[in-house]
Amino acid sequence: MRNFFKGVRKHIAKLDASHLREQYELVSDELTHAEKLLNALKEGFIRLDPSGKVIQSNPAAKELLGIEPEDAIASLSVPYGVSSTREVSVTYPQARTLEVQTFPLDGETVIYLRDITAERERTEEELRIGATKAVRDLAAGVAHEIGNPLNAIAMNLQLLERDPTDTESIEICKSQVKRLDGIIRGFLQALRPSGPSLRPGSVAEPIRNCLSAFRTQFEERRIAVTLDIPAALPPVAIDPDQMQQVFFNLVKNSLEAMKDGTAISITIKFDDNDVITVLHDSGPGIPHEQLMHLFEPYKTTKEKGTGLGLMISKRIVTDHGGSIAVESELGKGTSFTIKLPRLERRIRQLK
């Protein structure tokens with residue numbers, strides 16, 4: 001289509017009215033065909049102008065959202081002009097879970113909607129088809145998750161070599177040994193992973209423990225770390241060990257992508273329903289084509305990666321009743337947003 005327009009523009013001065021009419025009809029036919037293809041898709045498609053106004057959508061978008069796309073944009077809370085992926089729940093005309101992806105295109109924002117209800121309802125056992133694949137998943141997952149606390153122990157043992165009286169490093173090593181024990185026991189359950197052991201607590205606790213474990217690496221690589229926690233933080237129902245595993249995975253991924261002398265910021269805030277944690281790194285960003293598969297197993301750009309870390313993190317957050325979303329812009333970094341329901345909200349839901 002682009003080459004066609006270039007050809008017409010180049011020779012337009014030589015075209016008479018009859019030839020121009022023929023070229024116009026060709027373009028009209030192509031656009032009609034493209035519109036038919038778009039309307040036939042089962043996935044939703046929405047185009048937004050730079051101000052966030054809907055300028056085009058297909059019938060599937062309305063069907064998946066249950067309302068006109070123009071009325072749903074505000075509740076989707078999509079970022080404009082950046083690549084992102086998140087999940088949203090809708091209840092009308094039926095309860096379903098949608099994957100919402102965005103990407104910038106020529107100054108506009110394109111939204112892609114996909115019904116993933118069936119995928120979310122599958123059990124871990126259904127996802128692991130066959131004993132051989134299950135054992136491979138288990139072994140790779142154990143290897144990946146054990147690496148985080150081992151790295152933390154190694155870094156703090158180096159500190160102890162310099163200063164044997166460093167009690168903080170000793171305590172960190174003890175806590176990481178405890179994490180190792182928990183990881184091994186958890187993965188021994190293999191195909192039937194246990195849910196989180198929830199108790200009232202603060203999301204700040206696992207975050208602080210995670211940052212303490214990476215303290216040496218932050219200092220050696222001159223990574224500036226900013227932690228913003230409100231004075232009065234509402235409690236959530238949380239398994240601190242499992243959520244620490246989530247933040248370990250996110251911080252470790254950020255460090256592997258970032259250059260020395262850059263920065264990581266973690267901001268905790270809350271609204272009437274959720275406690276929201278946003279982790280932003282100043283890395284190179286993630287291309288849209290990779291962002292689409294970020295939480296899938298064995299989808300990784302790392303030479304020795306398994307792609308299981310983010311998949312496991314997403315499962316943990318989901319088991320807490322929360323959600324995890326990611327936004328990224330090339331050259332400007334990546335942000336992960338984790339929402340966990342406030343304890344008061346969970347209690348209201350149980351009544």
Side-chain angles (χ1 to χ4, degrees), residues 83-89 97-101 114-149 151 179 182-196 206 210 238-239 241-257 277 279 281 283 286-328 334-340:
S83 296
S84 71
T85 180
R86 67 191 65 219
E87 294 179 7
V88 299
S89 297
T97 302
L98 304 181
E99 181 181 62
V100 182
Q101 298 180 6
R114 187 168 68 93
D115 188 343
I116 59 170
T117 307
E119 296 177 20
R120 288 289 302 273
E121 291 176 348
R122 292 185 191 132
T123 64
E124 292 288 335
E125 191 170 1
E126 290 172 332
L127 289 173
R128 296 177 173 91
I129 301 173
T132 301
K133 186 176 184 304
V135 172
R136 186 171 69 240
D137 284 356
L138 175 64
V142 171
H144 181 278
E145 294 307 322
I146 284 179
N148 287 331
N151 286 338
R179 281 196 69 231
I183 290 171
I184 293 171
R185 283 188 287 104
F187 274 100
L188 284 177
Q189 298 178 27
L191 299 180
R192 297 185 183 275
S194 61
C210 171
I238 191 172
D239 183 323
D241 290 336
Q242 287 197 9
M243 284 308 301
Q244 185 175 333
Q245 184 178 344
V246 171
F247 292 116
F248 256 87
N249 286 331
L250 297 183
V251 172
K252 183 172 182 289
N253 285 349
S254 293
L255 286 174
E256 290 175 349
T277 304
L279 186 151
D281 67 53
I286 304 171
H288 174 70
E289 56 272 17
Q290 295 178 15
L291 202 69
M292 294 173 63
H293 305 287
L294 202 62
F295 297 103
E296 298 177 13
Y298 304 109
K299 300 289 187 178
T300 178
T301 58
K302 303 174 188 176
E303 184 177 346
K304 298 182 180 180
T306 63
L308 290 173
L310 288 177
M311 183 198 75
I312 293 170
S313 298
K314 181 178 180 180
R315 189 193 69 204
I316 291 173
V317 173
T318 301
D319 288 347
H320 277 69
S323 65
I324 182 169
V326 58
E327 300 174 12
S328 190
T334 300
S335 296
F336 284 90
T337 301
I338 295 175
K339 294 184 178 182
L340 297 180

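Note that these values count all heavy atoms, side chains included, but never hydrogens, waters or copies made by symmetry. As the structure is a prediction and not an experimental result, all values here were calculated from the model.
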Name all residues meeting the side chain to side chain donor-acceptor pair (under 3.5 Å) criterion together with Lys314; count only those two or more places apart in sequence or in a different chain, and write none if there are none.
Glu87

Once rounded to the nearest 0.5 Å, what's the spacing between atom CE of Met292 and atom OG of Ser83?
10.0 Å

Can you name the residues that form a side chain to side chain donor-acceptor pair (under 3.5 Å) with Thr97, not counting sequence neighbours?
none

Taking side chain to side chain donor-acceptor pair (under 3.5 Å) as the test, write out the residues that go with Glu99, two or more places apart.
Gln101, Arg114

pair Gln245-Asp241: side-chain heavy atoms closer than 4.5 Å
no

If you take all heavy atoms of Leu279 and Ser254, which pair is closest and at what distance?
CD2-OG, 3.7 Å

The ring pair (Phe, Tyr, Trp, His ring centres under 6.0 Å) partners of Phe248 (sequence neighbours excluded) come to Phe214

Using salt bridge (Lys or Arg N to Asp or Glu O under 4.0 Å) as the criterion, list what pairs up with Asp239, not counting sequence neighbours.
none

Would you please name every residue forming a side chain to side chain donor-acceptor pair (under 3.5 Å) with Ser335, sequence neighbours left out?
His280

Those residues at least two apart in sequence (or on a different chain) that pass side-chain contact (heavy atoms from CB on, under 4.5 Å) with Ser84 are Pro79, Arg86, Thr102, Glu327

Would you say that Val326 contacts Thr334 through its side chain, given a criterion of any heavy-atom pair below 4.5 Å between the two side chains?
yes

To the nearest 0.5 Å, what is the distance between CG (Leu250) and CD1 (Ile324)?
5.0 Å

Let me confirm one number: the OG-CG distance from Ser89 to Leu98, rounded to the nearest 0.5 Å.
8.0 Å

Rounded to the nearest 0.5 Å, the CG atom of Asn253 sits from the CZ atom of Phe336 at a distance of 6.5 Å

So how far is it from Thr277 OG1 to Phe247 CZ, rounded to the nearest 0.5 Å?
4.5 Å

In short, Pro196 meets His320 closest at the heavy-atom pair CB-CE1, 3.6 Å

Measure the spacing between CG of Leu294 and OG of Ser313 and express it to the nearest 0.5 Å.
10.0 Å

